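Contents: one structure, followed by commentary.
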Amino acid sequence: MKKKKVLPDLIFEASWEVCNKVGGIYTVLSTRAKTLCDAYKQAGAGRLVFLGPDIWGENPSPYFVEDTALLPEWKTQAAENGLKVRIGRWNVPGEPIAVLIDFTKYYEKKNAIYEQAWQLFGVDSLHAYGDYDEASMFSFAAGRFAEIISAAFYDRKSHIVYQAHEWMSGLGMLFLKHHLPWVKTIFTTHATSIGRSITTNNKNLYEYFSGYNGDQMARELNMEAKHSIEKQSALYCDCFTTVSRFTDKECAQLLDKPADVVLPNGFEAGFVPKGAGLTRMVKESRAKLLRVASALTGVALDDTTFILSTSGRNDFRCKGFDVYMQAIAQLKTLVAEQPKTLGKHKHVLALIEVPCWVSGPRTDLQARLASDQEATTALPHPFLTHDLHNFSDDRIVRMMQELALTNEDNSPVKVLLIPSYLEGKDGIFDTPYYNLLAGNDLCVYPSYYEPWGYTPLESCAFSIPTVTTNLSGFGQWVNEVVGHTGTIEDGVAVLHRDDSNYHALATEITETIAHLLQLPKTKLTPIRRAAKTLAAQAEWKNFITYYYEAYAYASK
C-alpha cells in the first residue's frame, strides 16, 4: 500500500550525532538528508533543520560549514533568549541546514531541570552517571531552540515536527511538547538502552526475552536514568518509532510500548562509483590490502587471494567478532586437512576492521611500505597494522593469539587486525573505509545484537556477497524481501543465531566461505548481482515513505 506523503512546514531533527561522527545514527541522518532536501525542493516550501551539539569550541568542525547569512533572524532570536548557536550547512550530500547549539550554560541549572523532568514527566535522573548530563543538557538546549523558533516565527496552524533520536535527545523533546503541544513530536530509538546493556553484560537476551522487565533490568544493570528518559519519551511523544520489526518487539517488551511506525534504515547509492570508477576502486583497494598484508607477513599475496572482512564498532559480542575469528580458525584447519578447499585461490586474507585503542601506525610497517624491495620475512606481530596502547589486554588480540590467528605458521589463511578508524589518514592505508571495502570478495557480520545493520547493507551496495544473521534487523528484512531464509545465492546468507549456537554458527560461516572459494567466476557473478539488487531496494528513495507515514501519524 502506498503511504501518504506528508511534508511538514518545518522538521527539526535533534541528535548527538548531527555533525558529530561517532556511530551509526550519523549514517542514518547524513545519508537520508539528501532525499528529504530534494523532496522539499520539489515541493517548493518547507524546511529541514538538524540540531546537533556544538562540541568543537574554537576548533573548526570537519562536518559543518558555518554560514552567517543563513537564517540570521533565528540566530538573533535565540541569542535574545540566552541561547548561543551557530547556523550553517552539514557537509554531507544535500547540504542540509544544521544548527550547532552551545549547551554548556545549562549545567549550572541541571538540578532544577531534572527536578522539573521528574515532576512533569516522571523522568528519574537520580542515579545518572557518565554521559547522561552532557547528553541531557544538549537535549534540553535543542528542545529550547526549537521552542524559541517555533513560537517566534510560526503559529498553531503550522505543521512542525520535532524528531528526537535516542534517549540522548529525549529530554528536550519532552519539554518542547509540554510548552508547545501543537509542535508534533517523534521519538526514535535505534536500540533500547536495556536491550543493548543486557547483551554487553553477557546475559542471554533471547532465551529469557519474554520474562525480562525493563524497569527491573534497569535497576539491576544500573541504567535507571537512561531507561527512564527513553521510556517516558516513548510514552509521551506523538509518534514512537524504531528501526526494525526486530527492535519493535524489544520496545514492546522493555519499554512497554510498541512502535507506532517502523522506520528502516536506508542509504544513498551515490557513494558507490559506477562502471569504470568502481572497477578502478576495486583494483586499487585489493592492491593496497595485499601490499600491506605481504609487507607484514613476508609472504607474497597475489591477486588470486580471496579477501573477506568483518567490521564495525568495537562491540565484541554484539557484532560477533568472536564468532568470526572462530570461523577463520576452523577454516585454517579445513584448508590444512583439505588443501583443495582453496579452489583457484593461493591464499585467503581475513580482515578484522575494528577500531581499538591505537597509539599510531607501525613505523616498521611504514618503512617496509616505503621500500621498493619485496619483504621475505615477517615483522613482529605480523597480524597487526597499528600499534596499540593495550596490546596485551586487547580482547581481539588475545583471541587471535588463543586461536593461532597470528600468521606465524605456514597456513595460506592469513588474518589482519586493522584497529584504526579508516578515514583516509591512518598512516598505513590512508584510504577511507568504503574504498577498502570495495576490494572484498565476501563480508561477514555474524551479529548477536543488531537493531538494523549498516555494514552488511553497505557491502551489498558494492556487490559483495554478505553473511549476516537473523538477529539483525537487516537480516530479517532480507528474509522478508526474498521470501525465505536468505542464502548466499540470494546475495546475503542470513544464518540462524541464538543464545547457544555459537560453534554451529561458526561452522556454518566456515562452510559458506569454503563454498565460495570453490565457485567459478561464472557462478560468483550472479551472486554479486543479487547482493547489489537487494541493496537497491533499501535506498532512501524507497524507505523515505515510512517517514512520511510517521509525520502523518504524529499529526493526527
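For clarity, every value in this text was computed on a predicted model and none was experimentally measured.
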Apply side chain to side chain donor-acceptor pair (under 3.5 Å) to residues S210 and Q253 and explain how you reach the verdict. CA-CA 7 Å; S210 62; Q253 184 67 30; over 6 Å; no
message = The test is ring-ring contact (aromatic ring centres under 6.0 Å, His included); show your working for Y546 and W540 and say whether it passes.
response = CA-CA 10 Å; Y546 297 102; W540 276 121; 9.6 Å; no
What are the two closest heavy atoms between [X] and [Y], and how far apart are they?
| X | Y | answer |
| --- | --- | --- |
| A535 | L457 | CA-CD1, 4.0 Å |
| G195 | T192 | N-OG1, 2.9 Å |
| R196 | T199 | O-OG1, 2.8 Å |
| A531 | I464 | CB-O, 3.8 Å |
| L235 | L255 | CD2-O, 4.4 Å |
| H386 | S420 | NE2-CB, 3.7 Å |

May I ask you to decide if [Y]'s main-chain N or O and [X]'s side chain share a donor-acceptor pair within less than 3.5 Å?
| X | Y | value |
| --- | --- | --- |
| N501 | A504 | no |
| N81 | L83 | no |
| N314 | V354 | no |
| D490 | V492 | no |
| T545 | N542 | yes |
| S228 | D124 | yes |
| T510 | A327 | yes |
| E13 | L48 | no |
| D215 | M217 | no |
| Y454 | G266 | yes |

When rounded to the nearest 0.5 angstrom, what distance separates [atom1] in [X] from [atom2] in [Y]?
| X | Y | atom1 | atom2 | answer |
| --- | --- | --- | --- | --- |
| M173 | S139 | CE | OG | 8.5 Å |
| L442 | T512 | CG | OG1 | 8.0 Å |
| I194 | M223 | CD1 | CE | 5.0 Å |
| E224 | S125 | CD | OG | 11.5 Å |
| I198 | Y212 | CD1 | OH | 5.0 Å |

Under a 4.5 Å cut-off applied to non-hydrogen side-chain atoms, are [X] and [Y] in contact?
| X | Y | value |
| --- | --- | --- |
| I101 | P53 | no |
| S472 | Y445 | no |
| Y114 | D133 | yes |
| Y236 | F187 | no |

What is the ring orientation for [X] with [Y], classed by angle as parallel under 30°, tilted 30 to 60°, or perpendicular over 60°?
| X | Y | result |
| --- | --- | --- |
| H165 | H190 | tilted |
| F12 | F145 | perpendicular |
| Y448 | Y206 | perpendicular |
| Y106 | F140 | perpendicular |
| H179 | F175 | parallel |
| F391 | F383 | tilted |

Practice task
Test Q216 against N213 for side chain to side chain donor-acceptor pair (under 3.5 Å), laying out the working first.
Solution key: CA-CA 5 Å; Q216 176 188 341; N213 175 273; 5.8 Å; no
Please determine if [X] and [Y] form a salt bridge, counting it only when a charged side-chain N lies under 4.0 Å from a carboxylate O.
| X | Y | result |
| --- | --- | --- |
| D238 | K177 | yes |
| K319 | E450 | yes |
| K203 | E220 | yes |

With side-chain contact (heavy atoms from CB on, under 4.5 Å) as the test, would you mind laying out the steps for I160 and K184 before giving the verdict? CA-CA 6 Å; I160 300 178; K184 302 305 179 182; over 6 Å; no
Short side-chain donor-acceptor distance under 3.5 Å, T188 and T241
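There is such a pair between these side chains.
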* Asked: Between V415, T310, L405, which is the residue that forms a side chain to side chain contact (heavy atoms under 4.5 Å, CB included) with M325?
  ->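 Only one option passes, and that is L405.
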side-chain contact (heavy atoms from CB on, under 4.5 Å) between L495 and I509: does it pass, once the steps are laid out? CA-CA 8 Å; L495 307 184; I509 293 170; 3.7 Å; yes
What about [X] and [Y], are their ring centers closer than 6.0 Å?
| X | Y | answer |
| --- | --- | --- |
| Y434 | F271 | yes |
| Y132 | W167 | yes |
| W16 | F138 | yes |

Task: CA sep, side-chain torsions, deciding dist, call: Y502, Q326, side-chain contact (heavy atoms from CB on, under 4.5 Å) - done: CA-CA 9 Å; Y502 174 97; Q326 189 72 51; 3.7 Å; yes
Please name the residue in the list [options] that meets the side-chain hydrogen bond (donor to acceptor under 3.5 Å, both in side chains) test with [X].
| X | options | value |
| --- | --- | --- |
| Y449 | R317, E250, R497 | E250 |
| T35 | E268, E539, K541 | E268 |
| S459 | T466, T468, N440 | T466 |

Cation-pi check, K556 onto Y553 ring (under 6.0 Å, within 45° of axis):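 Here K556 passes the 6.0 Å and 45° test against Y553.
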message = Quick check on K34: does its NZ atom have over 12 non-hydrogen neighbours (other residues, nucleotides or ligands) under 6.0 Å away?
response =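 Result for NZ/K34: open.
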Are there over 12 heavy-atom neighbours, none belonging to Y421, within less than 6.0 Å of that residue's OH?
no
Q.
Could you walk me through whether E230 and S193 satisfy the side chain to side chain donor-acceptor pair (under 3.5 Å) test, starting with their C-alpha distance in whole Å, then the side-chain angles of each, then the deciding distance to 0.1 Å, before giving a yes or no?
A. CA-CA 8 Å; E230 182 179 48; S193 58; 2.9 Å; yes
Exercise for the section: Let me see the working for T455 and C443 under side-chain contact (heavy atoms from CB on, under 4.5 Å), right down to the final yes or no. Expected result: CA-CA 9 Å; T455 44; C443 289; over 6 Å; no
Give the C-alpha distance, both sets of side-chain angles, the deciding distance and a yes or no for side chain to side chain donor-acceptor pair (under 3.5 Å) between S244 and D248. CA-CA 6 Å; S244 66; D248 185 21; over 6 Å; no
